[in-house]
Asker: 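Pasting a structure below so you can have a look.
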2 protein chains.
Amino acid sequence: MTTTNQTEALPLRRRGPSMADVAREANVSGQTVSRVSNGRSNVDADTRERVLTAMRKLGYRPNSAARALRSGRFHSIGVIMFTLSSFGNMRTLDAIAVAAADAGYSITLIPVPHPTQGEVAGAFDRLSEEAVDGVIIIVEAHLLDENDVELPAGLPVVVVDSTAGDRYPMVDTDQAHGARLATEHLLGLGHRTVWHVAGPERSYSATHRREAWEQTLRAHGAEVPAALVGDWSSESGHAIGLELAKDPEVTAIFTANDQMALGVLRAMHESGRAVPAEVSVVGFDDMEESRSFWPPLTTVRQFFGEVGRRSVEALLSEVESGEREGSTLVATELIVRESTARPPA
Amino acid sequence: MTTTNQTEALPLRRRGPSMADVAREANVSGQTVSRVSNGRSNVDADTRERVLTAMRKLGYRPNSAARALRSGRFHSIGVIMFTLSSFGNMRTLDAIAVAAADAGYSITLIPVPHPTQGEVAGAFDRLSEEAVDGVIIIVEAHLLDENDVELPAGLPVVVVDSTAGDRYPMVDTDQAHGARLATEHLLGLGHRTVWHVAGPERSYSATHRREAWEQTLRAHGAEVPAALVGDWSSESGHAIGLELAKDPEVTAIFTANDQMALGVLRAMHESGRAVPAEVSVVGFDDMEESRSFWPPLTTVRQFFGEVGRRSVEALLSEVESGEREGSTLVATELIVRESTARPPA
DNA sequence: AGACTGCATGTTGACGTGAACATGCGAGCG
DNA sequence: CGCTCGCATGTTCACGTCAACATGCAGTCT
């Protein structure tokens, strides 16, 4: 029996050309191809050209799996998050993706469809199998606490907008600063006090905004009305706004996000209370649309892009040099538009 | 010279335990560990337990790079998109991520920060090095056409909301159907004709919506006013709305997305034209906030989740069985709220 | 009893890359 | 002139996994 005809059995996917193929084509060793592929300087210009030509001719593309196996680096950052359908998360993710791309990393999304115990734990389990060098977590704090999930040891982690800042480096918007800005703006206009439409009880940012609102009120000797708790949705803002509209004492409202502010605005219109003539409203986030609300919304701008950028920076610092950074706060800015004015005389 | 002390030089990152370590710990061969790791059935219950224990003890996690190298599969889907800061894109991405996770795939984001020639080409180049089994492209059509970018041959592709449906399978919302629904709704209420605030000239979905609006008008023998072109932003909707508000003939406006509709609404309020008593407005998208606009917006709901799910389905069908599917259209639904009414008598 | 089957488990090698370690050649220098 | 140094290039091997092919053992059938 002579050499059987070597039937190219490969029943699976056709693999692309490898370094060896390029090497053969260019008449060099595989190592030289590797050097060219990685842009090393110690290759003769002629040789380099020959290799590049061979690469183009064969349509060679480096196999990232082999590369990762060899180097232990995936050049990818995992991002664990719940729904993307939140203005802030999305903006943050966008910035993370861009910052990562600039640094030569790609983003692997690890969604947690439903924030139940099991799902969260599942996401973290799955994480073990993901090809990532580090992880950025954008998840409501209490879910991290309740699920005492164990992150794979040795995996660099940065946490955004959440507690757990004691365990991991954290990047966050300066919630308290923003809330103070909003509250003082209203107080400064002459309002006796400021009502607050808060986010969900267990949300990290909601809690911080609420506490800062309360502290600011106290610091100014203003009465502290009970906070009204919403769920971030414009719908909940609307429901709460309807209640608030009934009380003629209410002349200033600080809403924990723009979406709820939108609902409040609608409630005021429906109740025939003029904004800002009778009632002033301040939001939080400065989403794209806020300037087109009716009236255009005075709000606290968050720099999501900055948060994303800093997260990547902090994470990559740990990934690449092992240096774990401390936590960072990103400032906020008050954007005054037309939904606030002096209280009615 | 005796065996030098084998200094564990590894200067780079500490690697986690490998199959070999687990095998040693559990006193089995590496292959058996592999079998357990992949849930094969042909392993004795005792042995399996022993291996699992060893895995836990050592904190073993499979190396996906090695796995991918061996199998040629990354179990990851690349998503190429511009800014995430668009309501629709984000919702679609969310659905894609969830659908992919359900199928055991993760998502690798490949952002294209600025839609310039170079950037797009760059993203596609980078793609060559990405560890993905297939790609979903969510990019404005004209950018694909203008950049005659070459996708790596043999890489399965699905295109969302774009042309290029001739080259690749496409999944899209039935734009025309939605626009017809909106236009007919207004006509049905008794409006003489319907004005249109369109999206950017070269946007695929904007064009389809606009064409369908025009055709519907013609089909009903209604006069076709010139379309006014915005850029999707609420700000542009506001500017156009201000113009429209000046013309007392205008009683019905179909806006190509909800954000521009928000701007139109604000313009009407500022101009003292009542919605819907004097002017009716219909949007497109049904974003979360639309129900809380003032007045709540009648709009065309898009099922982004469905688009995402179908994209993944189509892509994975090609990835896993090589079967290339045709293009799909996802229906839309008209959501009637309070921004539309019969024209003033 | 002998051959054969089915199953758990082990051994070998290859996937594509790149670090570490050769090799080989010409220039520079005492 | 002989030695060394610098540089381009080549060779070898391991990264961790899993398919393919052994091996070995307990039943089962004729």
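Residue numbers begin at 1 in each chain, while the letters A, B, ... track the order of the sequences.
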Asker: Which value, rounded to the nearest 0.5 Å, describes the distance between B:Thr92 atom OG1 and B:Arg310 atom CZ?
Answerer: 13.0 Å

Asker: Rounded to whole angstrom units, what separation is found between the CG atom of B:Asn63 and the C1' atom of D:dC18?
Answerer: 13 Å

Asker: I'd like to know if B:Glu130 and A:Arg67 make a salt bridge, using a cut-off of under 4.0 Å between side-chain N and carboxylate O.
Answerer: no

Asker: Without decimals, in angstroms, what is the distance between A:Arg24 CZ and C:dG16 P?
Answerer: 11 Å

Asker: Whole angstrom is fine here: how far is it from CZ in A:Arg73 over to C1' in C:dG18?
Answerer: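 Computing the A:Arg73:CZ to C:dG18:C1' distance gives 15 Å.
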
Asker: For the CE atom of A:Met90 and the CG atom of A:Leu93, what is their distance to the nearest 0.5 Å?
Answerer: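 The CE atom of A:Met90 sits 9.0 Å away from the CG atom of A:Leu93.
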
Asker: If you measure from CE on A:Met55 to CZ on A:Arg61, what distance do you get to the nearest 0.5 Å?
Answerer: 13.5 Å

Asker: Whole angstrom is fine here: how far is it from CE in A:Met55 over to P in C:dG16?
Answerer: 15 Å

Asker: How many Å lie between CE on A:Met19 and P on C:dA14, as a whole number?
Answerer: 17 Å

Asker: Rounding to an integer number of Å, can you tell me how far A:Arg40 CZ sits from C:dT17 C1'?
Answerer: 12 Å

Asker: May I ask you to decide if B:Met170's main-chain N or O and B:Ser327's side chain share a donor-acceptor pair within less than 3.5 Å?
Answerer: yes

Asker: Quick one: A:Leu58 CG to C:dG16 C1', roughly how many Å, whole number?
Answerer: 15 Å

Asker: Rounded to whole Å, please give me the gap between CZ in B:Arg61 and P in D:dG16.
Answerer: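 In whole Å, D:dG16 P and B:Arg61 CZ are 13 Å from each other.
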
Asker: Give a yes or no on whether a salt bridge exists between B:Arg24 and B:Asp21, defined as a side-chain N under 4.0 angstrom from a carboxylate O.
Answerer: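 A salt bridge links B:Arg24 with B:Asp21.
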
Asker: Sugar-phosphate atoms are those with a prime plus P, OP1 and OP2; base atoms are the rest. Using that split, label each nucleotide of nucleotides 5-14 of chain D B, S or - for protein heavy atoms under 4.0 Å, 5' to 3'.
Answerer: ---SBBB--B

Asker: On the nucleotide D:dC18, are OP1 or OP2 found under 4.0 Å from the side-chain N or O atoms that B:Asn38 carries?
Answerer: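 Affirmative; the distance criterion is met.
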
